[in-house]
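Bear in mind that the values here come from a model prediction, so they are computed numbers and not experimental data.
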Amino acid sequence: MIKLTRPDCPNPRALEKGNYKHANNKEALRNAASGKCMYCESKISHVDHAHIEHIKPKAADKFPELEFVWSNLGYSCEICNGHKHDKYIADTPYIDPYAENPEAHIVFHGWVLFPKNGSERGELTITDLGLNRPELIEQRQERIEKFILAINACYRTNNETLRNAALKSLGQEALPDKEYSYAILCTLKAHDIPL
Ligand SMILES: [Zn+2]
């Protein structure tokens, strides 16, 4: 999960008319998240698998008044959306990547996500949304293992200029449009590689 910037709502009229799934609004959220799930950072390949996520659940006993409020909408995959369902504790809200920087609450060690510095919200977000579910672990492990091989390859040259150029280009993998970019960023930091 990485910090996202909430785009302006292209079609506020649709929300006023009770439609939170309008194609233009969904597209704006998709672009702001680089086509990735706001929670697990998986690329959502099929539009059918993308959900307009209510950050605070719209269920009748939760926050029905926020069903058509732009600041409560996000872009998520169907699996994170399904895991979360209507679980939500008002005193311990899940991390909202549009409103705060997730880095304050969660950190990757390798391909496993951990709560940071005792963050209960980080812990609950990881557990309830299944952010260490087996298929994510598998995808991230493959990506991080390849990435570490690439880092090590950079250090096999004695030419410092070449090495620094190679490391710098590896840094591109931590850009926000890349899948699992936060795991990559944490790996770069763990290896003392400047961004
Ligand atoms: Zn997801």
Give, for atom [atom1] of [X] and atom [atom2] of [Y], the distance between the pair rounded to the nearest 0.5 Å.
{"X": "F108", "Y": "I184", "atom1": "CZ", "atom2": "CD1", "result": "10.0 Å"}
{"X": "N72", "Y": "L15", "atom1": "CG", "atom2": "CG", "result": "11.0 Å"}
{"X": "C154", "Y": "L167", "atom1": "SG", "atom2": "CG", "result": "4.0 Å"}
{"X": "R6", "Y": "L73", "atom1": "CZ", "atom2": "CG", "result": "6.5 Å"}
{"X": "L129", "Y": "S76", "atom1": "CG", "atom2": "OG", "result": "8.0 Å"}

> Do Y94 and Y88 make the cut of ring centroids closer than 6.0 angstrom?
Replying inline: yes
> What heavy-atom pair brings A50 and K26 nearest, and what distance separates the two atoms?
Replying inline: O-NZ, 3.3 Å
>> Pairing donors with acceptors under 3.5 angstrom, does anything connect the side chains of E41 and S181?
In response: yes
>> Pairing donors with acceptors under 3.5 angstrom, does anything connect the side chains of N19 and R13?
In response: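 No, no side-chain donor-acceptor contact under 3.5 Å.
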>> Set out, in order, the CA-CA distance, both residues' side-chain angles and the distance that settles side chain to side chain donor-acceptor pair (under 3.5 Å) for E53 and Y39, then state yes or no.
In response: CA-CA 10 Å; E53 150 78 356; Y39 294 124; 2.6 Å; yes
>> Within 45 degrees of the ring normal and closer than 6.0 Å to the centroid, is that where the cationic atom of R143 sits relative to Y180?
In response: no
> Any chain of hydrophobic side-chain contacts (each under 4.5 Å) joining L162 to L170?
Replying inline: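 No, no single cluster joins them.
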> Do L188 and Y155 share a hydrophobic cluster (ILVMFWY, side-chain heavy atoms under 4.5 Å, transitive)?
Replying inline: yes
Counting C-beta onward and ignoring hydrogens, is there a side-chain heavy-atom pair between [X] and [Y] closer than 4.5 Å?
{"X": "P7", "Y": "L29", "answer": "yes"}
{"X": "C80", "Y": "L131", "answer": "yes"}
{"X": "L136", "Y": "S42", "answer": "yes"}

> Does NZ in K146 sit with more than 12 non-hydrogen atoms of other residues, nucleotides or ligands closer than 6.0 Å?
Replying inline: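 Atom NZ in K146 is not packed in, count stays at 12 or less.
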> Does E103 offer a backbone N or O that forms a donor-acceptor pair with the side chain of K116 under 3.5 Å?
Replying inline: yes
>> I'd like to know if the side chain of W111 and the backbone of E145 have a donor-acceptor N/O pair within less than 3.5 Å.
In response: no
> What is the ring orientation for H54 with Y20, classed by angle as parallel under 30°, tilted 30 to 60°, or perpendicular over 60°?
Replying inline: perpendicular
>> side chain to side chain donor-acceptor pair (under 3.5 Å), that's the test. Do N25 and R30 meet it? Break it down for me.
In response: CA-CA 9 Å; N25 292 348; R30 196 190 84 85; over 6 Å; no
